[in-house]
Amino acid sequence: MDDCPKDICAVTDSSTEGVPASQPPSDPDGTTQRSPEELVARAIAPVKREFLRPPPSSRTTQNNPASDANVKQPQANVVQEKKSKRQLKRERRQEQKSPLNLCPEIAKTGDVNACSYKDKCRFSHDIEAFMAQKPADLEGDCPFIKADAPCPYGLACRFAGTHKDNAPAATSNLLKKSSEVNGLSKDVQKLLWKNKMRFTKADAVVKSLGLAGPNWKVKKLVDKEEDEVGLDGSHAADETDCKKVVDDSVDCSESPSTFPAAVNAEGACETDELRPLKKAKLVVDEKSSDEGEGATVLEKDNEKNSAETEPADNVLAEPDRSPKISNLKDATVLEKYNEKKSAETEPADDVHAEPDKSLKIHPREKMLIDFREKLYLAPLTTVGNLPFRRVCKTLGADVTCGEMAMCTNLLQGQASEWALLRRHSSEDLFGVQICGAYPDTIARTVELIEKECTVDFIDINMGCPIDIVVDKGAGSFLLTKPLRMKGIIQAASGTVDKPITVKVRTGYFGGKNRIDSLIADIGSWGATAVTIHGRSRQQRYSKLADWDYIYQCAQKAPSTLQVLGNGDIFSYLDWNNRKTDCPELSTCMIARGALIKPWLFTEIKEQRHWDISSQERLNILKEYVRFGLEHWGSDKKGVETTRHFLLEWLSYACRYIPVGLLDVIPQRLNWRPPSYYGRDDLETLMASDSAADWIRISEMLLGKVPDGFTFAPKHKSNAYDRAENG
């Protein structure tokens with residue numbers, strides 16, 4: 001992969017220092033006659049006149065990938081019949097049996113008898129037929145050669161010609177095992193599939209917060225009342241109405257020992273909080289009451305569980321007949337006894353987390369992460385995958401975070417969702433981002449992640465503007481539900497020892513910001529850091545981020561809560577200005593700026609505008625391809641997966657304008673680049689917003705695309721005429 005392919009060399013060798021001879025003197029629409037200041041005012045990139053060229057015949061046609069080569073044209077008036085799941089499964093099985101899908105075990109060893117399933121195997125065992133239909137090998141070396149281990153894909157590798165002769169057969173992906181962690185084990189996945197995974201700690205925390213049982217019914221009604229009140233935060237209901245809602249929902253016969261006898265109507269209206277649960281009938285020393293509060297609640301729960309499962313003659317079965325406890329040591333003994341008895345009555349195949357000695361750790365006792373002055377790569381959907389994060393790490397990123405994962409999918413054991421949590425060994429400060437709608441879902445997810453994964457922090461997304469997420473009550477929808485935000489943060493921080501961070505937007509509707517009124521509470525609820533994206537959900541990515549409001553929130557935040565800003569960081573000057581204008585900011589999160597030019601981290605650390613050449617940019621793409629083949633595989637499927645995500649990245653990267661071509665530097669994120677020539681043919685090709693040109697770049701690195709290949713960017717990032725795309 002390090003060798004320059006022939007077609008790339010042809011492109012770079014034909015480069016010229018000046019402008020191509022076919023370049024017209026000016027733009028026919030008169031745009032070039034405007035001054036750079038006027039262009040900047042109209043959010044048009046002020047490209048030097050000698051590099052401008054006529055725009056395409058139709059801008060909308062150019063932005064529409066369906067008009068490009070290698071993209072199918074939709075047939076009019078043709079309704080495709082939806083296939084059933086059984087039919088789709090049958091087609092997948094037939095495809096697996098085709099000669100194109102050789103059994104992985106046979107591909108690794110080259111021995112037909114290596115597969116233990118024999119005739120029952122779902123894949124083909126015909127090596128000759130596979131080799132006859134296998135595409136030609138790609139140029140370059142196998143990405144696994146440098147790992148001093150045999151290629152795990154064997155005969156199926158698209159670089160099989162570079163494999164060493166008589167190399168020992170690979171039994172597993174040794175490179176992945178040594179460099180990537182946070183995989184989902186089959187045993188855990190089966191437990192999640194069968195809904196047999198136990199979440200003892202999460203359920204205990206949720207119950208202690210009143211977010212389960214009768215108390216949760218009250219909170220649901222109060223939460224529902226917020227919808228009727230309005231999304232602007234103003235309460236229209238008076239105290240008597242709020243008290244009526246609470247009183248009507250109380251059913252003392254269900255749980256007389258845990259539900260509060262009286263509810264403060266004023267507190268329920270103003271703070272939406274309920275009176276704490278009754279203390280267990282245990283005498284604890286006053287000096288240690290603060291430290292043992294969580295243990296008391298847990299002891300009470302354990303006693304209740306033991307009473308249901310133990311014989312009636314057991315002296316510890318009923319709390320009223322239990323011996324008095326005078327100190328925490330005795331409480332711990334009782335707790336361990338109850339744990340032992342509970343373990344004896346539980347099924348053997350159930351897996352549960354060990355209960356801690358204290359139910360909730362004080363935020364000051366948690367392991368904290370200092371984000372100050374660190375370069376933080378934001379969690380980026382689709383493009384922010386593990387190979388891209390590796391590229392950013394090599395270019396100077398300090399903190400990385402995985403793509404947003406939905407809690408319900410993780411709890412269902414979906415392998416595709418768990419793949420978003422994978423971590424490379426080069427990511428020394430790494431977190432995962434999850435998204436959910438309810439406290440119990442979040443609490444169970446963070447408990448599962450802490451047990452199965454190696455992460456430094458867990459970020460909860462409360463700002464995602466995507467409709468499919470908001471419609472489920474997650475993401476930025478939570479900005480309209482401060483009570484639910486509180487429950488989620490408290491449940492998550494009380495369940496795990498890892499630092500909990502939160503990512504939010506300024507508000508749900510434009511002009512109705514509300515995070516400033518919640519910033520002090522977010523820290524007291526248990527979050528150690530909050531990232532504020534300076535746009536509302538309604539704005540999506542349109543207009544500029546409101547950094548003045550971010551500064552206002554940072555100044556109101558308590559000293560124990562780190563505040564990070566996010567939005568439109570695209571140069572080292574942007575970074576410096578944000579830090580100078582508001583010293584209270586811990587750092588700034590870099591998102592789309594890293595997608596367009598990942599060397600932004602280098603620019604910030606070296607405090608310079610990097611006029612990067614086209615060949616240097618191509619080398620970065622080569623690194624990404626190598627990382628992608630190591631991650632997704634070097635067989636046919638892995639090559640095409642790498643190509644797909646490379647094309648998704650190129651749909652953003654084409655928006656970069658080289659520093660040497662601009663009249664005004666630095667480039668701003670909201671500038672629309674006009675049609676221009678690069679300083680060489682490769683730079684011109686990289687500036688194209690046509691999907692056909694992105695495919696051509698991918699063919700330079702990964703060979704010709706398969707027959708019938710199609711591609712359209714998932715986020716339509718190259719379309720400037722859509723408000724949601726910024």
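Starting from 1, each residue takes its place in the sequence as its number.
- Among Glu623, Glu180, Glu630, the one residue that satisfies the salt bridge (Lys or Arg N to Asp or Glu O under 4.0 Å) test with Arg390 is Glu630.
- Side-chain atoms of Gln562 never come within 3.5 Å of backbone atoms of Leu585 as a donor-acceptor pair (strictly under, hydrogens ignored).
- Between the side chains of Ser613 and Glu616, a donor-acceptor pair is found at a separation under 3.5 Å.
- The two residues Leu650 and Trp694 come nearest to each other via the heavy atoms CD1-O, 3.7 Å.
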Exercise. Go through Lys556 and Asp516 one step at a time and tell me if the salt bridge (Lys or Arg N to Asp or Glu O under 4.0 Å) criterion holds.
Key: CA-CA 7 Å; Lys556 288 185 176 182; Asp516 60 315; 3.5 Å; yes
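- A ring-centre distance under 6.0 Å is not found for Phe430 and His424.
- In this structure a side-chain-to-backbone donor-acceptor pair under 3.5 Å is missing from Arg592 to Tyr652.
- You'll find the side chain of Ile515 reaches within 4.5 Å of the side chain of Ile532, heavy atoms only.
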Quiz prompt | Trace of the salt bridge (Lys or Arg N to Asp or Glu O under 4.0 Å) decision for Arg668 with Asp568 | solution = CA-CA 8 Å; Arg668 300 303 301 268; Asp568 303 338; 5.9 Å; no
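- Side-chain contact check for Gln607 and Asn576: at least one donor-acceptor pair (N or O, by modelled atom type) lies under 3.5 Å.
- Judged by the 6.0 Å distance and 45° axis criteria, Arg505 is positioned over the aromatic ring of Tyr541.
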Quiz item: After noting the C-alpha distance and the side-chain angles of Tyr656 and Trp599, does the key distance pass the ring pair (Phe, Tyr, Trp, His ring centres under 6.0 Å) rule?
Solution: CA-CA 11 Å; Tyr656 171 72; Trp599 54 92; 5.0 Å; yes
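- By the 30° and 60° cut-offs, the orientation of the rings of Trp632 relative to Phe645 is parallel.
- To the nearest 0.5 Å, atoms OG (Ser698) and CZ (Phe709) are separated by 6.0 Å.
- Using modelled atom types, one side-chain atom of Arg643 and one backbone atom of Gly703 make a donor-acceptor pair closer than 3.5 Å.
- Remark: Glu403 CD to Leu386 CG distance equals 9.5 Å, nearest 0.5 Å.
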Quiz prompt | CA sep, side-chain torsions, deciding dist, call: Trp575, Ser571, side-chain contact (heavy atoms from CB on, under 4.5 Å) | solution = CA-CA 7 Å; Trp575 171 277; Ser571 68; over 6 Å; no
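- Contact detail for Tyr676 and Pro658: the closest heavy-atom pair is OH-CD, 3.7 Å.
- Between Arg578 and Tyr551 there is a side-chain heavy-atom pair separated by less than 4.5 Å.
- Atom NZ of Lys636 has 12 or fewer neighbouring heavy atoms from other residues, nucleotides or ligands inside a 6.0 Å radius.
- Summarising the geometry of Trp547 relative to Cys588, their closest heavy-atom pair is CH2-SG, 3.9 Å, with the distance given to 0.1 Å.
- By the 4.0 Å N-to-carboxylate-O rule, Arg655 lies too far from Asp689 to be salt-bridged with it.
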Practice problem: Applying side-chain contact (heavy atoms from CB on, under 4.5 Å), run through Cys435 and Val469 and close with a yes or a no. | Solution: CA-CA 9 Å; Cys435 184; Val469 175; 3.7 Å; yes
Quiz prompt | From CA spacing to verdict: side-chain contact (heavy atoms from CB on, under 4.5 Å), Leu429, Thr400 | solution = CA-CA 6 Å; Leu429 189 51; Thr400 55; over 6 Å; no
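- Side-chain N/O atoms of Thr382 and Glu648 include no donor and acceptor closer than 3.5 Å.
- Side chains of Thr501 and Asp459: a donor-acceptor N/O pair is present below 3.5 angstrom, by distance only.
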Quiz item: Can Asp456 and Val399 be said to form a side-chain contact (heavy atoms from CB on, under 4.5 Å), step by step?
Solution: CA-CA 10 Å; Asp456 298 304; Val399 185; over 6 Å; no
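- At least one side-chain heavy atom of Ile604 sits under 4.5 Å from a side-chain heavy atom of Ile590.
- Judged by distance alone, with hydrogens and angles left aside, the side-chain atoms of Lys637 form no donor-acceptor pair with the main-chain N or O of Gly633 at under 3.5 Å.
- Nearest approach of Ile612 to Glu683, heavy atoms of both residues: O-OE2, 4.3 Å.
- No donor-acceptor distance shorter than 3.5 angstrom exists from the side chain of Trp649 to the backbone of Gly384, with no hydrogens or angles considered.
- Side-chain N or O atoms of Thr580 include none that pairs as donor or acceptor with a backbone N or O of Asn577 at under 3.5 Å.
- Between Arg679 and Asp611, at least one side-chain N (NZ, or NE/NH1/NH2) sits under 4.0 Å from a carboxylate O, which counts as a salt bridge.
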Quiz item: Can you check side-chain hydrogen bond (donor to acceptor under 3.5 Å, both in side chains) on Asp680 and Ser614, steps first, answer last?
Solution: CA-CA 8 Å; Asp680 55 55; Ser614 60; 2.9 Å; yes
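- Here Glu603 pairs with Lys597 in a salt bridge; the nearest charged N to carboxylate O distance falls below 4.0 Å.
- The aromatic rings of Tyr376 and Phe371 sit parallel, their planes meeting at an angle under 30°, below the 60° perpendicular limit.
- Looking at heavy atoms from C-beta onward, Leu621 lies out of side-chain contact with Val625 at the 4.5 angstrom threshold.
- Looking at Leu377 and Asp398, their side chains never come closer than 4.5 Å, going by heavy atoms from C-beta outward.
- Side-chain contact between Arg537 and Phe509 is absent, with no heavy-atom pair separated by less than 4.5 Å.
- Side-chain atoms of Ser476 come within 3.5 Å of backbone atoms of Cys464 as a donor-acceptor pair (strictly under, hydrogens ignored).
- Here the closest non-hydrogen pair linking Phe144 and Leu629 is CZ-O, 3.8 Å.
- Rounded to the nearest 0.5 Å, atoms OG1 (Thr710) and CD1 (Ile695) are 8.0 Å apart.
- Within the model, atoms CG of Leu600 and NE2 of His609 stand 11.0 Å from one another, a figure rounded to the nearest 0.5 Å.
- Residues Lys512 and Gln538 form no side-chain contact, since every pair of their non-hydrogen atoms from C-beta on lies 4.5 Å or further apart.
- The shortest heavy-atom contact between Leu646 and Leu701 is CD2-CD1, 4.0 Å.
- Considering only heavy atoms from C-beta on, Ser675 stays 4.5 Å or farther from Tyr677 through its side chain.
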Quiz prompt | Test log, rule side-chain hydrogen bond (donor to acceptor under 3.5 Å, both in side chains), inputs Arg372 and Ser586 | solution = CA-CA 4 Å; Arg372 288 177 297 181; Ser586 294; over 6 Å; no
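- Checking side-chain atoms of Thr480 against main-chain N and O of Phe477 turns up a donor-acceptor pair under 3.5 Å.
- At least one donor-acceptor pair under 3.5 Å links the side chain of Arg535 to the backbone N or O of Lys543.
- A cation-pi arrangement is present between Arg608 and Trp610 under the rule of less than 6.0 angstrom and at most 45 degrees off the ring axis.
- Salt-bridge formation is not detected for the pair Asp574/Lys579: no Lys NZ or Arg NE/NH1/NH2 atom is positioned less than 4.0 Å from an Asp or Glu carboxylate oxygen.
- Side chains of Asn566 and Thr531: no donor on one and acceptor on the other come within 3.5 Å.
- Here Tyr508 contributes atom OH and Asn513 contributes atom CG; the two are 15.0 Å apart, rounded to the nearest 0.5 Å.
- Around atom CZ of Arg42, no more than 12 heavy atoms belonging to other residues, nucleotides or ligands sit under 6.0 Å away.
- Between the side chain of Lys48 and the backbone N or O of Gly660, at least one donor-acceptor pair lies under 3.5 Å.
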